[in-house]
Amino acid sequence: MQDASMLQDEILHLKKKRNAIILAHNYQRPEVQDIADITGDSLELARAAAAMAGNVIVFCGVDFMAETAAILAPEKTVLLPAIDACCPMAGMVTADELRFARTRHPGAAVVCYVNTTADVKAESDICCTSANAVKVVNAVSEDEVIFVPDKNLGQYVARFTKKTVLPWEGFCLVHDRYTPDDVARAKQVHPGAVVLVHPECRPEVIDRADHVASTSGIVSHVKAAPGTEFIIGTEIGILHRLAKECPGKHCYPLSEKAVCVNMKKTTLAHVRDALVTLRPRITVPKETAVRARDAIERMLAL
């Protein structure tokens, strides 16, 4: 295996040559986060894809994220270094299923989590992320909302709105595995620590947390909070960012098993090879992209 630092140097050289930007989700491997121009959550990365200059976007994440970048920046070459890096939750709702749901609730707005395919976004009224889901649901004019695909995030949003939220039955394989017992064990080991969890967690886990936030919201909270010990209830990749950006703070995983195998598929070698070959490239059919872009841009305009 090539030395990681050599690969990183090669990537930085190729990035300059290709006039590329590298976007990495908070759950990526530490060494991949370290060569990114921006590391963030889905909302931060969507905004970066739309706004940042460059001819090429290397998206170190999973398939729906690269699709979103291709929708927002159709003039750019969007690369997904690990082509098999998928989001199982995004596959838990299809465009056909969503169209049928609309016939059952014709007066409802459809709010789709960004963790969905381009086809599903194209059938939705507006997108959201975990960071802005409550704001988005409260912003739509309809009193009834079909929320796809994450039932846990939908149930969390329902706590903060007078609207009727109809959650889909999808879930995140990582966050849905947390249990109240995990929280109890972590508090026993770190009795003075603040518990921060992601809104994709089950309601009974959220009830036992001190704060609920998106991944970047967790980072912001740890930075600003006066305490020094935190239990982090999201995928363990975020611990690398927390260690870098929050010196002097001690962050512990709610569970060592909170690993998204798809987020970990991207390696430095994958990033290097993508910049060399400009493959694998992610594209979205124009008709789908236009409709999906409307839903994404309604979110970004809030």
Basic-acidic side-chain contact under 4.0 Å: D34, K244: yes
Rounded to the nearest 0.5 Å, what separation is found between the CD1 atom of I11 and the CD atom of E31? 9.5 Å
Remaining members of L239's ILVMFWY cluster at a side-chain heavy-atom cut-off under 4.5 Å? V194, L196, I218, V219, V222, F230, I232, I236, I238, L242, V259
Using residues 104-113 as the side-chain source, report each donor-acceptor pair under 3.5 Å to any protein atom, sequence neighbours left out, with the distance given to one decimal.
residue : atom : partner : partner atom : Å
Y113    : OH   : E200    : OE2          : 2.5

Sidechain-backbone polar pair: R241 side chain, G237 backbone, donor-acceptor under 3.5 Å: no
Return yes when atom NZ of K135 has more than 12 non-hydrogen atoms of other residues, nucleotides or ligands closer than 6.0 Å, and no otherwise. no
I'd like to know if the side chain of R102 and the backbone of E123 have a donor-acceptor N/O pair within less than 3.5 Å. yes
Same hydrophobic cluster for V195 and V212, using side-chain heavy-atom links shorter than 4.5 Å among ILVMFWY? yes
By side-chain contact (heavy atoms from CB on, under 4.5 Å) - contacts of A269 (at least two apart): T267, R272
Salt-bridged, D294 to R291, with N to O below 4.0 Å? no
Kindly say whether M6 contributes a backbone atom to a donor-acceptor pair with the side chain of D9 at under 3.5 angstrom? no
Can you measure from SG (C172) to NZ (K151) and round to the nearest 0.5 angstrom? 12.0 Å
Can you list the steps and then say if L80 with D63 is a side-chain contact (heavy atoms from CB on, under 4.5 Å)? CA-CA 7 Å; L80 180 65; D63 50 5; 4.2 Å; yes
Would you check if the side chain of D273 reaches a backbone N or O of H270 as a donor-acceptor pair within less than 3.5 Å? no
Show me the pairs that pass ring pair (Phe, Tyr, Trp, His ring centres under 6.0 Å) and involve residues 6-25, at least two apart or across chains. H25-Y27
Could you pull out the closest heavy-atom pair between C127 and K121, with the gap in Å? SG-CG, 3.8 Å
Does T266 offer a backbone N or O that forms a donor-acceptor pair with the side chain of R29 under 3.5 Å? yes
I296 and L72: side-chain contact (heavy atoms from CB on, under 4.5 Å), yes or no, with the steps? CA-CA 8 Å; I296 298 168; L72 291 173; 3.7 Å; yes
Cluster membership besides V290, Ile/Leu/Val/Met/Phe/Trp/Tyr side chains within less than 4.5 angstrom, sorted by chain and number, is none
Run the side-chain contact (heavy atoms from CB on, under 4.5 Å) test against T164 and tell me which residues pass, sequence neighbours left out. E144, L166
Are the side chain of Y178 and the backbone N or O of V183 linked by a donor-acceptor pair below 3.5 Å? no
V157 vs K163, side-chain contact (heavy atoms from CB on, under 4.5 Å): CA-CA, chis, key distance, verdict: CA-CA 10 Å; V157 170; K163 299 177 187 294; over 6 Å; no
Output all residues satisfying side-chain hydrogen bond (donor to acceptor under 3.5 Å, both in side chains) with T215, sequence neighbours left out; order by chain, then residue number. N26
Taking atom OG1 of T117 and atom CG of L98, what is their separation to the nearest 0.5 Å? 9.5 Å
Partners meeting side-chain contact (heavy atoms from CB on, under 4.5 Å) with R159 (sequence neighbours left out): Y156, P203, I206, D207
Looking at CG of L23 and OG1 of T39, how far apart are the two atoms once the value is rounded to the nearest 0.5 Å? 9.0 Å
Closest approach of I38 and A48, non-hydrogen atoms and distance? CD1-CB, 3.6 Å
Hydrophobic clusters here meaning ILVMFWY residues chained together by side-chain heavy-atom distances under 4.5 Å, can you tell me if M299 and V137 are in one? yes
Closest heavy-atom pair, L173 versus F171, reported as atoms and distance to 0.1 Å, is CD2-CE1, 3.5 Å
Hydrophobic clusters here meaning ILVMFWY residues chained together by side-chain heavy-atom distances under 4.5 Å, can you tell me if M65 and V120 are in one? no
Would you say that N115 contacts D150 through its side chain, given a criterion of any heavy-atom pair below 4.5 Å between the two side chains? no
Is L12 reachable from I22 through a run of hydrophobic residues whose side-chain heavy atoms are each under 4.5 Å from the next? no
All N/O donor-acceptor pairs, side-chain side in residues 82-96, below 3.5 Å, sequence neighbours left out:
residue : atom : partner : partner atom : Å
T94     : OG1  : E97     : N            : 3.1
T94     : OG1  : E97     : OE1          : 3.4
D96     : OD1  : R99     : NH2          : 2.2

Reported OG-to-CG distance for the pair S214 and L153, which is rounded to 0.5 angstrom: 10.5 Å
Indicate the atoms forming the closest heavy-atom contact of V271 with C60, along with that distance. CG2-SG, 3.8 Å
To check you understand the geometry: which heavy-atom pair defines the closest contact between I71 and A292, and what is its length? CD1-CB, 3.7 Å
My understanding is that only residues two or more places apart in sequence, or in another chain, count here; which of them pass side-chain hydrogen bond (donor to acceptor under 3.5 Å, both in side chains) with R281? none
Using side-chain hydrogen bond (donor to acceptor under 3.5 Å, both in side chains) as the criterion, list what pairs up with E44, not counting sequence neighbours. S216
Identify, with sequence neighbours excluded, every residue that meets side-chain hydrogen bond (donor to acceptor under 3.5 Å, both in side chains) alongside D37. K15
Can you hop from V114 to V148 via hydrophobic side chains spaced under 4.5 Å? no
Out of curiosity, H198 NE2 to H175 NE2, how far, rounded to the nearest 0.5 Å? 4.5 Å
What are the two closest non-hydrogen atoms of T116 and F64, and how far apart are they? O-CB, 3.3 Å
Kindly determine whether L302 and R298 satisfy side-chain contact (heavy atoms from CB on, under 4.5 Å), including the steps that lead there. CA-CA 7 Å; L302 290 179; R298 289 187 194 107; over 6 Å; no
